[in-house]
Amino acid sequence: MQNVLVSGAGVAGLTLAYWLRRNGFAATVVERAPAVRPGGQAIDVRGVALDVLDRSGILEEAGAVRTRLRGMTMLDGQGNETWRSTEMTLSGGRLDSDDIELLREDLTGLLHRQALGAGAEFVHADSIAALDDRADGVRVRFERSPERTFDLVVGADGLHSKVRALAFGPEQEYVQHLGAYLTVFSAPNFLGLDNWEIWLNDESAGPRTASCCVYPVRDNTEIRATLGFTSGPVAYDYRDTARQKALMAEKLAHVGWETPRLLQAMHDAPDFYFDQMAQIRMDHWASGRAALVGDAGYCPSPLSGQGTSLALVGAYVLAAELGKRDGGGHTAAFARYEARMRPFVALNQALALAHAAGDHSEEALEKAKNGIALDG
C-alpha cells in the first residue's frame, strides 16, 4: 500500500486524506497546530462541491449546521444605511439557493471525523522541514518527528505553503496580490445581531478603502467579523499577530459606526487571522513525487467565494486520479489531475477578479461553481 503524506489539516488536506483512504492508500496528515484549527469565517460550499460532501457522507450534517441569516444591511463609512436585502447576503449569496454556508470549523470538524474514521494518521504540532525526492520515495525531515519516507507528498497547506516553497521555489514567484488585506476573528455578540448580517463599506479615501462584515453565529451568541483595507503589498511577518493587529487598527482608525468596538474585540480575539487578498498562479502543480491541492496550488482568494469548493473538488479529483492505477503511476495521475482541474480553477480565479471589479454576475458564478464533472 502506497503511503501519502498530506501537509495541512484544512478542508483540502482532510478531504484528500479521506479519499486517499477510500482509494486504497495509507494517508498521514501533518499539521502545525496542536489540533484541527478552530475559528474562521463562514465559508460557502457550492455546485459540484456539494456532490463531494454527499459522496463523503456529510452533506446532510453540513446542511444542518449552516448559517441561518435572514438578510443583510449595507452601511456607509459612518454607519448610515444605504440599502438592505432579505433575499441575499454578500457572504453567502441568495438565501433561497441550494448552496451551503457554514462555519469553517464546523466543516473541518466533519471532515476530520470522516478522515479519522477511514484510518488516516494524524501528526499534530509538527511540520515539514525538508524534502528529499528520490527514485523510490520522498525522504521527509520534520521539525520534531523522526524522518520518514513516503511514496508521495501533497501540499494542502494554504497560501503560504511550505511544500510549495520546498518543491517549487519561493512564494513570491507565484503569488499575485489583489490590492487588499483582511482579518477574521470571533467575539461575543455585543452588537445584539439576530441572524442579520451587517456590511460597512467606507469610501472616504477612494473605492472600498476599508470594510467590515459582521454576522452572528451559534444561535446569535457569537459574531464572526471580517475587517479589511485596500493597499498595495505591505511587508510584514505573517506570524507576527501583534504587528498585524496594529496595522489593521491603524488602517481602520477613521471608520465610524461600531468599528472602534470591533477593533477592540479584534485585540482580544482568541482566533485572530490576518493575510493579504491574493491568488496563487502556477504553470504546474506537481514536481516529481510532490503535488499541491487547494490554496497551496491555486488559491482564488476570498473574493471568489469559491476557495472551499476548489479545495473539496481538487482533493477529490486528485485522490480519484491517483486511485486509477492504470500503469502510468503518480506522474500520469498528477497530469490527469491538472488537466481536469485547470479549466475549473481558471473560471474561479477569473470570478474573483470580476468580483474585485464589482461584477457579481449570477451567470459567471453558476459557470464557476459547476465547471467540472466529478466523474471525468
Side-chain angles (χ1 to χ4, degrees), residues 10-13 15-16 19-20 23 43-56 93 97-100 152 154-156 158-159 161 163-164 167-168 173-178 277-287 290-324 326 328-357 359-376:
V11 172
T15 305
L16 180 62
W19 283 103
L20 285 171
N23 283 287
I43 55 180
D44 301 297
V45 183
R46 294 171 166 151
V48 69
L50 293 168
D51 295 330
V52 175
L53 291 191
D54 191 20
R55 296 182 185 195
S56 301
S97 170
D98 292 332
D99 302 337
I100 295 176
L152 303 171
V154 179
L159 182 66
S161 170
V163 172
R164 186 182 64 235
F168 297 86
E173 296 182 10
Y174 307 109
V175 66
Q176 179 177 321
H177 180 63
L178 298 184
M277 288 278 201
Q279 292 186 342
I280 295 296
R281 292 177 173 267
M282 305 180 68
D283 292 334
H284 300 286
W285 305 324
S287 175
L292 304 171
V293 68
D295 281 357
Y298 36 85
C299 175
S301 89
L303 288 168
S304 71
Q306 281 285 95
T308 300
S309 293
L310 276 181
L312 288 163
V313 174
Y316 178 90
V317 170
L318 176 55
E321 293 301 340
L322 286 170
K324 287 180 178 178
D326 58 356
H330 66 273
T331 301
F334 288 160
R336 293 193 301 268
Y337 157 66
E338 290 201 24
R340 291 182 59 190
M341 284 296 296
R342 285 250 169 223
F344 189 49
V345 168
L347 284 170
N348 284 284
Q349 290 191 329
L351 183 69
L353 300 181
H355 285 176
D359 179 2
H360 292 269
S361 162
E362 286 291 327
E363 181 181 358
L365 175 60
E366 286 299 315
K367 288 181 178 178
K369 71 183 189 181
N370 292 300
I372 189 172
L374 289 185
D375 298 319

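Values below: every heavy atom of this structure, side chains too, minus hydrogens, waters and symmetry copies.
No donor-acceptor distance shorter than 3.5 angstrom exists from the side chain of Gln279 to the backbone of His177, with no hydrogens or angles considered. Of the possible polar contacts, one joining the Arg164 side chain to the Leu159 backbone as a donor-acceptor pair under 3.5 Å is found. Counting only distance, with no hydrogens or angles, the side chain of Ser309 and the backbone of Arg46 share a donor-acceptor pair below 3.5 Å. With hydrogens and angles ignored, the 3.5 Å screen pairs a side-chain donor or acceptor of Ser304 with a backbone N or O of Ser301.
Summarising the geometry, atom OG1 belonging to Thr15 is positioned 11.5 Å from atom CG belonging to Leu318; distances are rounded to the nearest 0.5 Å.
Under the salt bridge (charged side-chain N to carboxylate O under 4.0 Å, His left out) criterion, the residue pairs touching residues 296-324 are Glu321-Lys324, Glu321-Arg336, Glu321-Arg340, with sequence neighbours excluded.
Here the side chains of Leu303 and Leu178 are in contact, with some heavy-atom distance below 4.5 Å. By the 4.5 Å heavy-atom criterion applied to side chains, Trp19 and Ser56 are counted as neighbours.
Under the side chain to side chain donor-acceptor pair (under 3.5 Å) criterion, Asp51 pairs with no residue at all, not counting sequence neighbours. The side-chain contact (heavy atoms from CB on, under 4.5 Å) check on Leu347 picks up Ala368, with sequence neighbours excluded.
When Val11, Leu16, Leu50 are each tested for a side chain to side chain contact (heavy atoms under 4.5 Å, CB included) with Leu312, only one passes: Val11. Exactly one of Asn348, Leu310, Val48, Asp99 qualifies for a side chain to side chain contact (heavy atoms under 4.5 Å, CB included) with Lys369. That residue is Asp99.
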Mind running side-chain contact (heavy atoms from CB on, under 4.5 Å) on Val293 and Tyr337 for me, showing each step along the way? CA-CA 10 Å; Val293 68; Tyr337 157 66; 3.6 Å; yes
Please walk me through it: do Val313 and Ile372 pass side-chain contact (heavy atoms from CB on, under 4.5 Å)? CA-CA 9 Å; Val313 174; Ile372 189 172; 3.8 Å; yes
For Leu292 and Ile280: C-alpha separation, side-chain torsions, deciding distance, then whether side-chain contact (heavy atoms from CB on, under 4.5 Å) applies. CA-CA 11 Å; Leu292 304 171; Ile280 295 296; over 6 Å; no
Go through the steps for Gln306 and Leu351 under the test side-chain contact (heavy atoms from CB on, under 4.5 Å), then give the verdict. CA-CA 9 Å; Gln306 281 285 95; Leu351 183 69; 4.0 Å; yes
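More than 12 heavy atoms of other residues, nucleotides or ligands shown are found within 6.0 angstrom of CG on Asp326.
In this pair, Tyr298 and Trp285 present their aromatic rings tilted. The plane angle is within the 30 to 60° band. Taking the six-membered ring where the residue is Trp, Phe168 and Tyr174 present perpendicular rings, their angle passing 60° and hence far from 30°.
Here the shortest heavy-atom pairing between Pro300 and Ala352 reads O-CB, 3.2 Å.
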